[in-house]
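Side-chain atoms are counted along with the backbone in the values below, which use heavy atoms only and exclude waters and symmetry mates. As the structure is a computational prediction, the values presented were derived from the model and not from experiment. Within every chain, numbering begins at 1; the chains are lettered A, B, ... in the order of the sequence lines, protein sequences first and strands thereafter.
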Amino acid sequence: MKKESVFKDKDKLSTNYNPKNLPHRDEEIRSIASLLAPALKGNKPSNLFVYGKTGTGKSAVIKRVTERLRQKSEENGTEVKIVYLNCKLRKVADTEYRLIAELARKLGKDVPSTGLPTDEVYERFFDALDSDKRILVLILDEIDSLVEKTGDEFLYNLTRVNEELKRSKLSLVGISNDLSFTRDIDPRVKSSLSEEELLFSPYDASQLKDILQSRADEAFHEGAILQGVVQKCSALAAQEHGDARRAIDLLRVSGELAERSDSEEVRPEHVDKAENEIDRNKVLEVVESQPRQSQAVLWSIINLCEERDEMVQTGEVHSLYEQVCNTSGLDPLTQRRVSDLISELDMLGIIQAKVTSHGRYGRTRMIKPAVSTNVKNQLKNILKEKYYFG
DNA sequence: AGTCCACAGGAAGGGCAGGCGA
DNA sequence: TCGCCTGCCCTTCCTGTGGACT
């Protein structure tokens, strides 16, 4: 407690912090601003579709521009309402019903979390929207994950809204991490959603360094970071498609590790440790949030693979899983369902599962854990302690 | 060329919890 | 209280399939 922290203001490195400076995104800020500007004159801005990989500043730029838009509209008294929704937020906006219900709520209409027919929810949303003359700028972040889960019907409805509204206008801003996302949606939806498109290209290492340096200046005490730390963080993040969020996380965790080890400054070796720790935490967190059935499946996969020292197939996993269920008092699910759980674990990046054909010996998924031995052992301990005995 | 394995994965529908209006 | 609606998780049933083997 006596020691002075390396941090001056750690919040500046948190994911929620929206920085004043957005280096290397001036052009994007300008074009989005000019696209949304008509709202200030009471005209509907074109729908906008923004895409780019994670940590390329999409959400930060949009938030920044819309915040300015809000200020301006307050100044000159135009009715512009801005609603930001992250479609990945569990239990909030991850289904069509929840999304529209949440929108209606944000506009001041009360909607129960379940129980209404969907068209009723749409109606309430339209009512709320049309109750005043205004422009609504609706920002849907991570829109790809919602479309993947529930289909593109809600987008179709939202892009048609303006035909039904008498007084208000709705403008859509979609943000997607998935570059190929528009390929699979209804062409009519596609054309109206992407009246305008903007691609955020990844940062390169030197741009990342600028970004990181400006954050580091805000977050750390002077001289608390040794030379090379910022470079190292940005170089590591640049390897991973130029993800600024990753770079900032690395820096934050490095700082925390330095602090924990009673060091007065952050050194490059702290960055190495930070990299490991971040990977590990991510996996452990995801696994702990999985339902028990999924955990049992994962437990079976890890054990089978270890025993065999090779990849295993769906059928084998399922039979061990059934045993695991019996010993731990779980109701075993059918192979069909387990097959889906395996796909989910694969999508989460915890395991690797590839469909392979063995000719005469059938066609199945070949499965193995996709985490380092270190993380795998920790996973084993957690799962073993929590539920199962092997 | 045909067979056949061991599933993949789509479709349909059951059952549950939560909610509405009459 | 009843009939009906939703999302969600799951089962049942089914057709499709890549490629080693015959």
Student: To the nearest angstrom, how far is Lys354(A) atom NZ from dG18(C) atom C1'?
Tutor: 13 Å
Student: Rounded to the nearest Å, what distance is computed from the CD1 atom of residue Ile100(A) to the P atom of nucleotide dG7(C)?
Tutor: 12 Å
Student: Got a salt bridge between Lys10(A) and Glu256(A), using NZ or NE/NH1/NH2 to carboxylate O under 4.0 Å?
Tutor: yes
Student: Atom CG of Asp346(A) to atom P of dA8(B): distance rounded to whole Å?
Tutor: 12 Å
Student: With side chain to side chain donor-acceptor pair (under 3.5 Å) as the rule and sequence neighbours excluded, what pairs involving residues 126-136 of chain A come up?
Tutor: none
Student: If you restrict it to nitrogen or oxygen atoms, what contacts under 3.5 Å exist between nucleotides 19-22 of chain C and the protein, and what is each distance?
Tutor:
| from | atom 1 | to | atom 2 | distance (Å) |
| --- | --- | --- | --- | --- |
| dG19(C) | O4' | Ser357(A) | OG | 3.2 |
| dG19(C) | N2 | Gly359(A) | O | 2.9 |
| dA20(C) | O4' | Arg360(A) | N | 3.2 |

Student: Within 45° of the six-membered ring axis of Tyr17(A) and under 6.0 Å from that ring's centre, is NZ or CZ of Arg215(A) located there?
Tutor: no
Student: Apply side-chain hydrogen bond (donor to acceptor under 3.5 Å, both in side chains) to Lys106(A) and list each qualifying residue two or more places apart in sequence or on a separate chain.
Tutor: none
Student: For Asn303(A), is there any backbone N or O sitting under 3.5 Å from a side-chain donor or acceptor partner on Glu306(A)?
Tutor: no
Student: Is it true that Lys282(A) and Glu277(A) have a side-chain N and a carboxylate O under 4.0 angstrom from each other?
Tutor: no
Student: Is there a donor-acceptor pair under 3.5 Å between the side chain of Asn43(A) and the backbone N or O of Ala39(A)?
Tutor: no
Student: Roughly how many Å is it from NE2 in His318(A) to P in dC7(B), rounded to a whole number?
Tutor: 11 Å
Student: Find out whether the Lys NZ or Arg CZ of Lys63(A) is both under 6.0 angstrom from the six-membered ring centre of Tyr84(A) and within 45° of the ring's axis.
Tutor: yes
Student: Nearest whole Å is fine: how far is dC9(C) P from Arg292(A) CZ?
Tutor: 17 Å
Student: Return the residues of residues 308-316 of chain A meeting this criterion: a heavy atom under 4.0 Å from some atom of DNA chain B. Order them by number, or give none.
Tutor: Gln313(A), Thr314(A), Gly315(A)
Student: For the pair made of CD1 in Ile367(A) and C1' in dA8(B), what is the distance, rounded to whole Å?
Tutor: 12 Å
Student: Could you work out, with side-chain hydrogen bond (donor to acceptor under 3.5 Å, both in side chains) as the rule, every residue matching Lys12(A), not counting sequence neighbours?
Tutor: Asp9(A)
Student: Using nucleotides 11-15 of chain C, report all nitrogen or oxygen pairs with the protein that are shorter than 3.5 Å.
Tutor:
| from | atom 1 | to | atom 2 | distance (Å) |
| --- | --- | --- | --- | --- |
| dT11(C) | OP1 | Thr334(A) | N | 3.2 |
| dT11(C) | OP2 | Thr334(A) | N | 3.1 |
| dT11(C) | OP2 | Thr334(A) | OG1 | 2.8 |

Student: Ring centroid separation for Phe220(A) and Phe7(A), is it under 6.0 angstrom?
Tutor: yes
Student: Please check this pair: side chain of Ser168(A) against backbone of Leu129(A), looking for a donor-acceptor N/O pair closer than 3.5 Å.
Tutor: yes
Student: For Ser339(A) and dA8(B), is the shortest distance between a side-chain N/O and OP1 or OP2 below 4.0 Å?
Tutor: yes
